Amino acid sequence: LDGDALRRCKEVNFLSEVTLFTALASAPSGCRRFVFVGSGAADVLLPGLLPYSLSKRALRDYLYVADMEKSFPDCYILMVSPGSMDTGFDRKAKLHGTYALPRGMPARPPQWVAKRIFEAERHGKARLNLAPLPTILGWFQRLAPRLTLPVIRRLSRLAR
């Protein structure tokens with residue numbers, strides 16, 4: 001990948017969100033409720049998704065550290081891992097050359113995901129994980145990267 005692809009993905013999936021969030025959360029009469037949509041690609045690193053994975057991971061880690069530091073104590077933040085949604089982006093992203101993204105379940109309608117997000121926000125949840133498989137695989141990947149590499153490679157060859 002060229003440097004422009006990495007820069008653009010970081011701008012779209014990390015820098016714009018952090019810049020807008022910081023401005024709104026720091027304003028005296030600013031917005032105090034935020035929903036961030038993450039990705040399983042931030043949890044488990046997959047071939048072909050490097051720029052996207054790094055930018056979503058950076059957003060996830062930024063919010064985690066901001067929460068640890070209590071940087072924005074008056075703000076409510078909901079972090080969502082929606083899983084695969086039946087969108088144009090999802091249909092376009094399912095194949096990267098010869099690489100097929102692994103799927104634990106069929107893509108869900110965006111309206112179904114939006115309803116779950118709305119319900120979680122109304123109940124004051126801090127986290128909504130609609131796709132636990134990437135989180136579990138990511139945990140194993142961090143714990144034993146050499147052991148999980150063959151599994152990730154095998155999963156990436158599966159058709160959708």
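Keep in mind it's a predicted model, so treat the numbers as computed, not measured. Just the heavy atoms: all of them, side chains too, but no hydrogens, waters or symmetry mates, feed the values below.
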*Asks:* Return the minimal non-hydrogen interatomic distance between M85 and A107, and the atom names on each side.
*Replies:* C-CB, 3.7 Å
*Asks:* If you take all heavy atoms of R60 and D43, which pair is closest and at what distance?
*Replies:* NH1-OD1, 3.0 Å
*Asks:* Could you give me the CA-CA distance, side-chain angles and deciding distance for R116 and V80, then say whether side chain to side chain contact (heavy atoms under 4.5 Å, CB included) is met?
*Replies:* CA-CA 10 Å; R116 300 289 126 9; V80 180; over 6 Å; no
*Asks:* Hydrophobic clustering (ILVMFWY, side-chain heavy atoms < 4.5 Å, transitive) - are F36 and V12 grouped together?
*Replies:*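 In one cluster with V12: F36, no.
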*Asks:* Looking at N129 and T135, what are the two nearest heavy atoms and their distance?
*Replies:*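 Here N129 and T135 meet closest at ND2-OG1, 3.0 Å.
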*Asks:* In Å, rounded to the nearest 0.5 Å, how long is the span from CZ of R127 to CD1 of I77?
*Replies:* 13.0 Å
*Asks:* Under 6.0 Å between ring centres, would you say that holds for F34 and F72?
*Replies:*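 No, they do not, as the ring centres are separated by 6.0 Å or more.
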*Asks:* Quick one: side-chain hydrogen bond (donor to acceptor under 3.5 Å, both in side chains) pairs with a partner in residues 9-20, sequence neighbours left out?
*Replies:* R7-E11
*Asks:* Using the rule given for side chain to side chain contact (heavy atoms under 4.5 Å, CB included), can you reason through L59 versus F21, listing the C-alpha separation, both sets of side-chain angles and the distance that settles it, and then say yes or no?
*Replies:* CA-CA 11 Å; L59 178 62; F21 167 66; over 6 Å; no
*Asks:* Got a list of side-chain donor-acceptor pairs under 3.5 Å for residues 63-71, not counting sequence neighbours?
*Replies:*
{"unit_1": "E69", "atom_1": "OE1", "unit_2": "S71", "atom_2": "OG", "d": "3.0"}

*Asks:* Answer yes or no: is there a side-chain heavy-atom contact under 4.5 Å between D86 and P109?
*Replies:*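 No, their side chains stay 4.5 Å or more apart.
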*Asks:* Would L128 end up clustered with V35 when hydrophobic side chains under 4.5 Å apart are linked, directly or stepwise?
*Replies:*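 Linked within one cluster.
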*Asks:* Which atoms form the tightest heavy-atom contact between G83 and A131, and what is the distance?
*Replies:* CA-CB, 3.4 Å
*Asks:* Does CZ in F118 sit with more than 12 non-hydrogen atoms of other residues, nucleotides or ligands closer than 6.0 Å?
*Replies:*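 It does not: F118 CZ has 12 such atoms or fewer within range.
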*Asks:* Would you check if the side chain of S55 reaches a backbone N or O of Y52 as a donor-acceptor pair within less than 3.5 Å?
*Replies:*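 Pair found, side chain donor or acceptor close to backbone of Y52.
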*Asks:* Verify side chain to side chain contact (heavy atoms under 4.5 Å, CB included) between Y62 and T22, making sure each step is shown before the conclusion.
*Replies:* CA-CA 11 Å; Y62 171 84; T22 303; 3.3 Å; yes
*Asks:* Does any N or O in the side chain of K125 come within less than 3.5 Å of the main-chain N or O of M79, such that one atom is a donor and the other an acceptor?
*Replies:* no
*Asks:* Indicate, with yes or no, if L20 and V18 share a hydrophobic cluster defined by side-chain heavy-atom contacts under 4.5 Å among Ile, Leu, Val, Met, Phe, Trp and Tyr.
*Replies:* yes
*Asks:* Keeping R32 on the side-chain end and A25 on the backbone end, is there a donor-acceptor pair under 3.5 Å?
*Replies:* yes
*Asks:* Where is the tightest heavy-atom contact between G40 and P134, given as atom of each residue plus distance?
*Replies:*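 Nearest pair, atom of G40 first, then P134: CA-CB, 3.5 Å.
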*Asks:* Is a salt bridge present between E119 and R122, judged by a nitrogen-to-oxygen distance below 4.0 Å?
*Replies:* no
*Asks:* How long is the span from the OG atom in S84 to the CG atom in L130, to the nearest 0.5 Å?
*Replies:*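 These two atoms lie 11.5 Å from each other.
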*Asks:* Restricting to non-hydrogen atoms, name the atom on L78 and the atom on I117 that form the minimum distance, rounded to 0.1 Å.
*Replies:*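 Closest heavy-atom pair between L78 and I117: CD2-O, 3.8 Å.
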